[in-house]
Amino acid sequence: FPALPEHFMAEGTSHAAMAGRPPTPLISSLVGAVSLGSETHAKGTCNPCAHFHGSKGCKSAELCLFCHSCPPGELKRRQKAKKRSERLACQVGTLKGRQHASDEDVPVGR
């Protein structure tokens with residue numbers, strides 16, 4: 001396994017102290033994953049990396065907290081879907097508001 005940066009280890013732990021220990025759950029779950037953020041890809045709860053499929057790639061590599069397993073264009077697809085959903089929710093809210101207003105305009109009785 002590659003050595004982890006100091007900020008990924010428990011306070012006061014060094015690479016030398018970790019040498020004889022079994023891998024932590026984080027490292028063992030990383031086996032076969034493209035990045036740290038890819039761990040939740042199978043569940044569908046990952047967040048796609050905006051840089052991985054770009055011409056310069058992702059500078060964080062395996063330590064990236066975003067998913068490198070998502071296909072190219074997934075981030076843009078999710079952004080468009082979210083915007084479409086928000087727009088629809090706003091339209092539905094406006095229609096509900098109109099229905100309530102029209103109910104108030106109808107005279108009751110006689």
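No experiment lies behind these values; they were computed from the predicted model shown.
A donor-acceptor contact shorter than 3.5 Å links the side chain of S35 to the backbone of F66.
Partners of Q91 under the side chain to side chain contact (heavy atoms under 4.5 Å, CB included) rule, at least two apart in sequence or in another chain, are R87, L88.
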Residues 43-61, side-chain donor-acceptor partners within the protein, below 3.5 Å, at least two apart:
| unit_1 | atom_1 | unit_2 | atom_2 | d |
| --- | --- | --- | --- | --- |
| H53 | NE2 | C70 | O | 2.8 |

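Closest approach of L63 to L36, counting heavy atoms only: O-CD1, 3.6 Å. Residues T40 and G37 share a closest heavy-atom pair of OG1-O, 3.7 Å.
Annotation: the span from S38 atom OG to L65 atom CG amounts to 10.5 Å, rounded to 0.5 Å. Atom NE2 in H68 sits 9.0 Å away from atom CD in E62 (nearest 0.5 Å).
For residues 71-80, the side chain to side chain donor-acceptor pair (under 3.5 Å) pairs, not counting sequence neighbours, are E74-R77, E74-R78.
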